[in-house]
Peer 1: 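First the structure, then my questions, so here it is.
Nothing fancy with the numbering, it's 1 onward along the sequence. Keep in mind that the numbers below use all heavy atoms, side chains included, and drop hydrogens, waters and symmetry copies.
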Amino acid sequence: MSYPEYPHSKFPETICDLPNMQDATSTLRPIIDQYNEAWLNNDTDKMIELKEQYPNLMKSLFNAEKFNVLLDGVKATQKFFMEEVDTMVHTVAQNTVGINDMATGEDKRTNSYSALKTDYLTGVTIDTNVPIPRSAWDSNLTFTYSSDKISENDRVNIYFSSDSMLFAAKAFIIVKENTGAGNVVLKANKLPKSELTIREIEVVRKDG
């Protein structure tokens, strides 16, 4: 990844390779004077000739090309810190402490889960005090509760209020399995004699 708006820099994909400069030696100084004189006279041919004849000449001259590489490198570094550092620090922190919510096999032995993953492993309450009127049961004596907080492979635990427990037990209500993402289905063997209240709906998630 590099930034196309800063074409003279490849950061942060690679470190910018800005060539080192050197002070002019006593033998090179006259050549620099010739180069500067050619520049003042707009003698580009002479400038090219001197650069080809003395390869070390440009190590003592600071020009637009070197400045653009330096400037683009600074801008790319600033952009990286402004837009990417938070993500990078987050990733480094996760890798350093071994956080991986999708760990499998032997990786589970040395892995840590995020707080969010831990919550779902132990059960997260997604709703409370949900009423089920007698009219809500369909002809097959099923009741469907829908929520986008339920994933396909979640285990959903239903806890009835104390006033509803007896009526739910007498109706032989069970939680159906494999009902897909977004819903949980209750199945009764007979129509409850009273409106029921679900005290708490809890989701347990083990696959991410």
Peer 1: Quick one: pull up CZ in Arg134 and NZ in Lys193 and give me the separation to the nearest 0.5 Å.
Peer 2: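 Separation between the atoms: 9.0 Å.
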
Peer 1: Which value, rounded to the nearest 0.5 Å, describes the distance between Ile126 atom CD1 and Asn157 atom CG?
Peer 2: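 Output value for this atom pair is 10.5 Å.
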
Peer 1: With a 4.5 Å cut-off on side-chain heavy-atom distances among I, L, V, M, F, W and Y, is there a chain of contacts connecting Tyr6 to Phe81?
Peer 2: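 They do share one cluster, since a chain of ILVMFWY contacts under 4.5 Å joins Tyr6 to Phe81.
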
Peer 1: If I take atom CG from residue Leu191 and atom CZ from residue Phe167, how far apart are they, to the nearest 0.5 angstrom?
Peer 2: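 Separation between the atoms: 12.0 Å.
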
Peer 1: For Gln34, check side chain to side chain donor-acceptor pair (under 3.5 Å) against everything at least two apart and list the hits.
Peer 2: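 Listed in chain order: nothing, the list is empty.
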
Peer 1: In chain order, what residues pass the side chain to side chain contact (heavy atoms under 4.5 Å, CB included) check against Val175, with sequence neighbours excluded?
Peer 2: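 Val175: side chain to side chain contact (heavy atoms under 4.5 Å, CB included) contacts with Ile158, Val184, Leu186.
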
Peer 1: With sequence neighbours left out, write down each residue that passes side chain to side chain contact (heavy atoms under 4.5 Å, CB included) with Ala169, or none if nothing qualifies.
Peer 2: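 For Ala169, no residue satisfies side chain to side chain contact (heavy atoms under 4.5 Å, CB included) once neighbours in sequence are set aside.
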
Peer 1: Please step through side-chain contact (heavy atoms from CB on, under 4.5 Å) for the pair Asn56 and Gln22, ending with a clear verdict.
Peer 2: CA-CA 9 Å; Asn56 289 331; Gln22 67 181 30; 4.2 Å; yes

Peer 1: Could you grab the distance from atom CG of Asn183 to atom CZ of Phe143, nearest 0.5 Å is fine?
Peer 2: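 It comes to 11.0 Å.
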
Peer 1: Identify, with sequence neighbours excluded, every residue that meets side chain to side chain donor-acceptor pair (under 3.5 Å) alongside Thr122.
Peer 2: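 So Thr122 forms no side chain to side chain donor-acceptor pair (under 3.5 Å) with any residue.
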
Peer 1: For the CG atom of Leu141 and the NZ atom of Lys187, what is their distance to the nearest 0.5 Å?
Peer 2: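 These two atoms lie 5.0 Å from each other.
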
Peer 1: Could I get the full list of side chain to side chain contact (heavy atoms under 4.5 Å, CB included) partners for Ser161, not counting sequence neighbours?
Peer 2: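 Side chain to side chain contact (heavy atoms under 4.5 Å, CB included) check on Ser161 returns Asp163, Ser164, Thr197, Arg199.
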
Peer 1: So with a 6.0 Å cut-off around CD of Glu177, is the heavy-atom count from everything else above 12?
Peer 2: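 12 or below, so no.
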
Peer 1: Under 3.5 Å, which donor-acceptor pairs do the side chains of residues 35-46 form with other protein atoms, sequence neighbours left out?
Peer 2:
{"from": "Asn36", "atom 1": "ND2", "to": "Ile32", "atom 2": "O", "distance (Å)": "3.4"}
{"from": "Asn41", "atom 1": "ND2", "to": "Glu37", "atom 2": "O", "distance (Å)": "3.2"}
{"from": "Asp43", "atom 1": "OD1", "to": "Lys46", "atom 2": "N", "distance (Å)": "3.2"}

Peer 1: Between Thr25 (side chain) and Leu28 (backbone), is there a donor-acceptor pair under 3.5 Å?
Peer 2: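 At least one qualifying donor-acceptor pair exists.
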
Peer 1: Find out if a path of hydrophobic residues (ILVMFWY) with successive side-chain heavy-atom gaps under 4.5 Å connects Tyr159 to Val204.
Peer 2: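 The answer is no; the residues belong to distinct hydrophobic clusters.
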
Peer 1: What is the minimum heavy-atom distance between Ser9 and Ala76, and which atoms define it?
Peer 2: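 Minimum heavy-atom contact is OG-CB, 3.7 Å.
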
Peer 1: Suppose we screen for side chain to side chain contact (heavy atoms under 4.5 Å, CB included). Which residues come up paired with Gln78, at least two apart in sequence or across chains?
Peer 2: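 Side chain to side chain contact (heavy atoms under 4.5 Å, CB included) list for Gln78, sorted by chain: Val74.
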
Peer 1: Please, which pairs that meet salt bridge (Lys or Arg N to Asp or Glu O under 4.0 Å) have at least one residue in residues 71-80, sequence neighbours excluded?
Peer 2: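 Output for this query lists Glu5-Lys79, Lys79-Glu83.
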
Peer 1: Side-chain heavy atoms nearer than 4.5 Å, only ILVMFWY residues, links allowed to pass through others: does that put Ile150 and Val130 together?
Peer 2: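 Same hydrophobic cluster.
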
Peer 1: Determine, using the 4.5 Å side-chain heavy-atom cutoff (strictly less than), whether Phe160 and Val185 are members of one ILVMFWY cluster.
Peer 2: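 Looking at the clustering, Val185 is in a separate group from Phe160.
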
Peer 1: List the residues meeting salt bridge (Lys or Arg N to Asp or Glu O under 4.0 Å) with Arg29, not counting sequence neighbours, and say none if there are none.
Peer 2: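 Residues passing salt bridge (Lys or Arg N to Asp or Glu O under 4.0 Å) with Arg29: Asp33.
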
Peer 1: Are any non-hydrogen side-chain atoms of Thr179 and Val156 less than 4.5 angstrom apart?
Peer 2: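 SC-SC contact between Thr179 and Val156 ruled out.
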
Peer 1: Provide the full list of side chain to side chain donor-acceptor pair (under 3.5 Å) pairs with a residue in residues 136-148, sequence neighbours left out, each pair given once.
Peer 2: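 Sorted pair list: Asp127-Tyr145, Asp138-Thr142.
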
Peer 1: Drop me the distance from Ile31's CD1 to Leu50's CG, to the nearest 0.5 angstrom.
Peer 2: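 Going from the CD1 atom of Ile31 to the CG atom of Leu50 covers 6.5 Å.
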
